[in-house]
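Encoded as structure tokens, the structure appears first; notes follow it.
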Amino acid sequence: MHLHFLTFLFPLITSTVVSAATNISYAAWMADSGIRRNQANGINSSGKPQLIYDHGVFWEGLKQLYADTGNETYFEWILNGASNLVDEAGVIIGSYDPTQLDPLRVGPTFIYLYDKTGDEKWKTASTTLRSHLGPFPRTPEGQFWHKLSYVQQGWLDGIYMGDVFYSLFTKTWQPDNTTAWEDIELQFNVQYKNTIQNPDDGKTYTGLLYHGYDYSKAQPWASEDRGHSPEIWDRALGWYFMAMVDTLEIMGSPHVPGYKAIRKILQELAPRLVAAADPDSGVWWLVMTQPGRERNYFESSGTAMFIYSLLKALRLGYIHDTHTSTILKAAKKGYEYMTSTWVLPLEDGTFNWNATVQVGSLGGAGNYDYYVSVPIQLNDLKGQGAFLLASVEYERCRGR
Ligand SMILES: *[C@@H]1O[C@H](CO)[C@@H](O)[C@H](O)[C@H]1NC(C)=O
Ligand SMILES: *[C@@H]1O[C@H](CO)[C@@H](O)[C@H](O)[C@H]1NC(C)=O
Ligand SMILES: *[C@@H]1O[C@H](CO)[C@@H](O)[C@H](O)[C@H]1NC(C)=O
Ligand SMILES: *[C@@H]1O[C@H](CO)[C@@H](O)[C@H](O)[C@H]1NC(C)=O
Ligand SMILES: *[C@@H]1O[C@H](CO)[C@@H](O)[C@H](O)[C@H]1NC(C)=O
């Protein structure tokens, strides 16, 4: 009887809380839910320490939430998780492959912890990660390969994984290194020019960026003109957007080489991103080049990344809204869909996060059937990290 009463009552309580107290913090709720699931602790599913980019994304969200709330639980969670990866001498003890860009995503956390604690071990570990970029394989145009095994390929994902770290390292320890800033600018520019959508590709035209390209055009998916892949995958574009706003924030000034070029790309793509949202729900399709096609669906991690990027770009003045606030309204509309549809409250007071696709890779066919065949993963940490980031930005712009 007692249990029945509770299960009956809980949805009522939840919906009341959500609708009446418009100031509920989904950011805090997301952080708490992830922490109580023991996620983002630096440990992989075999119980071993590993540099996993998903953890780095969630830590980025906790870092920003800590800055806004001062709740030490968030800082301790980042510190304890990252401490599983680096020993007292600064040696990286978590496993990772130095010929991939993905593990570099935890680098910004190491630099953050150096900044907060002054402990040299974090500088040592950051410097080790930075040392991999020197010999990293590149295309003839200078783009880092996504991985050693993805020969001559530049993916949008890699811009977020590698270049936000590259930027923060440069800003922190080599702010006058013009060569490094110009190299970072090149990574954004080359990726952009090789993946910007053709108007006549037979798909819905968005003017946004395909997932990646193969400079050597050896992959079955590579186009004849620039070797680009055939579809626009929402999460890859989400990584690129987050990389633009985070890098501009790190650069901090139009005098830094690359700042104006990145801002120009952001200003061009942001209105196109808004135009590509589904007009009814306000969120974005998994495969953005084929909206409404059978098996395509609204995907939650890419959507959260877009909302984070748009709100942050507006807050920091990197983009300018129309006089009717088209961009702000679009971001808020998408955000409200996320909280009403993908947040699934549980009786223990946490919630499950839904509708994040597990992976998206150019290691295979790279076509529509591939993307829609990948399963959705409940409580995927990349998706939760993106929702945490979007929520922090949404809560920062309350009242606007
Ligand atoms: C919600 O937040 C706004 C802005 O911070 C504040 O003015 C308002 O009083 C808050 N409302 C409630 C119900 O707490
Ligand atoms: C700080 O965050 C933790 C974890 O989400 C939560 O349990 C705790 O209630 C928060 N403390 C305050 C003072 O809000
Ligand atoms: C976890 O990390 C260990 C090394 O620390 C590695 O051998 C193992 O393959 C990893 N497990 C998974 C599921 O990635
Ligand atoms: C500046 O950056 C370049 C490119 O990453 C690097 O090769 C060089 O070692 C850096 N210079 C200094 C003084 O650290
Ligand atoms: C989770 O999301 C998927 C994809 O949108 C949907 O099919 C499923 O019904 C959702 N589950 C719940 C419990 O809302």
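One-based numbering along the sequence shown. Atoms within each ligand, like the ligands themselves, are counted from 1 in listed order.
Neither the backbone nor the side chain of Trp181 comes within contact range of ligand 4; no heavy atom lies under 4.0 Å. The parts of Asp32 lying near ligand 2 are both backbone and side chain, judged by heavy-atom distances below 4.0 Å.
Counting the atoms of ligand 4 from 1 in the order shown, those under 4.0 Å from a heavy atom of Gln174 are 1 (C), 10 (C), 14 (O). Annotation for ligand 2: atoms under 4.0 Å from non-hydrogen atoms of Thr73 are 1 (C), 2 (O), 3 (C), 4 (C). Taking every heavy atom of Ala180 and a limit of under 4.0 angstrom, the matching atoms of ligand 4 come to 2 (O). Distances below 4.0 Å separate heavy atoms of Tyr74 from the following atoms of ligand 2: 2 (O), 5 (O).
Scanning for salt bridge (charged side-chain N to carboxylate O under 4.0 Å, His left out) contacts around Lys63 gives Glu60, with sequence neighbours left out.
Distances from ligand 4 to the non-hydrogen atoms of Tyr166 include at least one value under 4.0 Å. Residue contact annotation: Glu182 has no non-hydrogen atom under 4.0 Å from ligand 4.
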Return a table of N or O atom pairs, ligand 5 on one side and protein on the other, at distances under 3.5 Å, rounded to 0.1 Å.
unit_1, atom_1, unit_2, atom_2, d
ligand 5, 2 (O), Asn354, OD1, 3.3
ligand 5, 2 (O), Asn354, ND2, 2.3
ligand 5, 11 (N), Asn354, ND2, 2.9

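Residues Ser281 and Asp278 have side chains that bring a donor and an acceptor to within less than 3.5 angstrom of each other. Looking at His211 and Tyr240, their side chains never bring a donor and an acceptor atom within 3.5 Å of each other.
Classified by interplanar angle (parallel below 30°, tilted 30° to 60°, perpendicular above 60°), the ring pair Trp353/Phe387 is parallel.
For the pairing with Tyr213, the side-chain hydrogen bond (donor to acceptor under 3.5 Å, both in side chains) check across Gln152, Gln143, Gln153, Gln219 returns one residue only, Gln143.
The residues Arg272 and Glu268 are annotated as salt-bridged, a charged nitrogen and a carboxylate oxygen being separated by less than 4.0 angstrom. Using a 4.0 Å cut-off between charged nitrogen and carboxylate oxygen, Asp183 and Arg138 count as a salt-bridge pair.
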Original post:
Would Leu286 and Val372 count as a side-chain contact (heavy atoms from CB on, under 4.5 Å) if you check the C-alpha gap in whole Å, the side-chain angles of each, and the deciding distance to 0.1 Å?
Top reply: CA-CA 8 Å; Leu286 174 83; Val372 296; 4.2 Å; yes
Atom pairs and distances, donor-acceptor, side-chain atoms in residues 256-263, under 3.5 Å, two or more places apart:
none

Enumerate donor-acceptor pairs with a distance under 3.5 Å from any side-chain N or O in residues 47-54 to protein atoms, sequence neighbours excluded.
unit_1, atom_1, unit_2, atom_2, d
Gln50, OE1, Asn44, ND2, 2.5
Asp54, OD2, Lys382, NZ, 3.3

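Ligand 4 has no nitrogen or oxygen under 3.5 angstrom from a nitrogen or oxygen of Thr179.
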